[in-house]
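Okay, so here's the structure we're looking at.
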Amino acid sequence: MKKIISICKGDGVGPEVVNEGIKLLKVIADHSDFEFEFQEAPAGGSIWKETGESLPEKSFEIIKNSDALLFGAIGIPGLPQGIAESAILKIRQGLDLYINLRPIKLYDALRDRCPLKDEFIGKGIDITFVRENTEGIYKNIGYLKEEEAQNVMLYTRIGCERIIKYAYEFAKKNGHSKVTSVDKANILKTSQLWRSIFHAMAVQYPDLKTEDIYIDAFCQWLIRAPYSYETVVTENMFGDIISDEGAFLIGSLGMASSGNIHPGKVSMYEPIHGSAPDIAGKGIANPIGTLLSVKLMIQESFGQEAIGNEIENAVEDTLNEGRTIDIKNDALKTLSTHEMGNLISEKLRDRLKK
Ligand code: NAI
Ligand code: MG
């Protein structure tokens, strides 16, 4: 099975964590039918400084013609706001990646790094955020003038239907009992459209319970009873914010993975963190968010559920032996990005050999 994987390393810690992702993919190729060809597609702040474009046409061509994109993170302090980051929005819009899948799972080994007391963690945290990824405020309709600025939050029926449908199907496929929709229907018209579609579609899924929660209330419920959520579907900006909140519950922003997906088309996989300029170049970034994004790629784009599960197992094995500094435990070795990536790759190799 030959797959072309476009690679955008980006800025800051992006290249450091993506290199570990490439290493993991090479291990998979060594022990499966996969053959991967990697093609670099530069995007972000560094390439903008060189070319004046954050997503050069050549890079986008490479991405469009690949089977999947592995993306690091972009953003350089001091550049005009949004210059580098606009590349992500161009990729999401240009490839119509309407699903942003963001799993938030607290591994047992990391219960000590969760900021919540044990009674609030309860039976554990295993939530998948399904974030709408192409509409809403991030469509970037609006203007910026000296005295005022405007962003338009636009949602279409088709846009709401396809993401909510995906969330219901995801919950069904994964044996979840409930789908939670997060909105602000007491204020926003876009949320009122969203909510009516969420309920109209519920009748097609009689085995799934449904609930609505306002975004402000959800922010407190997420830390008060995180164990009570399974699939959570929400609009673009709410999803951006609550998934960062969720990522901290599992120990570190560096742990959280994501897929920007259009089923059957080229999709993009990236850790949810940014370029982390405060730690860039130090070799201490946690690569797990990227490695778990490779897991999502293998499962969602290439349909190999079992190999993806082994990646997750390899990550869990490693957490009991050593950690990067963001999730450190004094009883375990503190590892660099590279050492953590090596250890997880070797654990995966052992598992795939069997
Ligand atoms: P950030 O996610 O880069 O960093 C927030 C905090 O988390 C920092 O203290 C950082 O050191 C820590 N952190 C992030 N990733 C980590 C990792 N892998 N291991 C250990 N610690 C980690 O967010 P920030 O500082 O708000 O943004 C920095 C730049 O990244 C900005 O230019 C922003 O626009 C951009 N950004 C890019 C994203 C992307 O490429 N998808 C997403 C979010 C932000
Ligand atoms: Mg974010």
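Throughout, numbering of the chain's residues begins at 1 and tracks the sequence. All values below were derived from every heavy atom in this structure, side-chain atoms included, with hydrogens, water molecules and symmetry-related copies excluded. Computed from a predicted structure; not experimentally measured. Start at 1 and go down the list; that is how both ligands and their atoms are numbered.
Residue-ligand proximity: Ser275 is placed with a non-hydrogen atom under 4.0 Å from ligand 1. At least one heavy atom of Ile74 sits closer than 4.0 Å to an atom of ligand 1. Using 4.0 Å as the threshold, Leu253 has a heavy atom nearer than that to some atom of ligand 1.
Close N/O approach between Val17 and ligand 1 is not found [any backbone or side-chain N/O within under 3.5 Å].
Between the side chain of Glu346 and the backbone N or O of Leu343 there is no donor-acceptor pair closer than 3.5 Å. A distance-only check finds a donor-acceptor pair linking the side chain of Asp67 to the backbone of Ile4 [under 3.5 Å]. Although no hydrogens or angles enter the test, the distance criterion places a donor-acceptor pair under 3.5 Å between the side chain of Lys282 and the main chain of Asp278.
Partner of Arg92 under the side-chain hydrogen bond (donor to acceptor under 3.5 Å, both in side chains) criterion, out of Asn260, Asn236, Thr134: Asn260 alone.
With a 4.0 Å heavy-atom cut-off, ligand 1 is reached by no atom of Ile284. Using a 4.0 Å cut-off between heavy atoms, His273 contacts ligand 1 through both its backbone and its side chain. Residue Pro277 touches ligand 1 through its side chain alone, judged by heavy-atom distances below 4.0 Å.
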Stepwise ring-ring contact (aromatic ring centres under 6.0 Å, His included) test for Phe71 and Tyr269: CA-CA 6 Å; Phe71 192 94; Tyr269 298 87; over 10 Å; no
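Of all the listed residues (Gly274, Gly45, Ala43), Gly274 holds the heavy atom that lies closest to atom 23 (O) of ligand 1.
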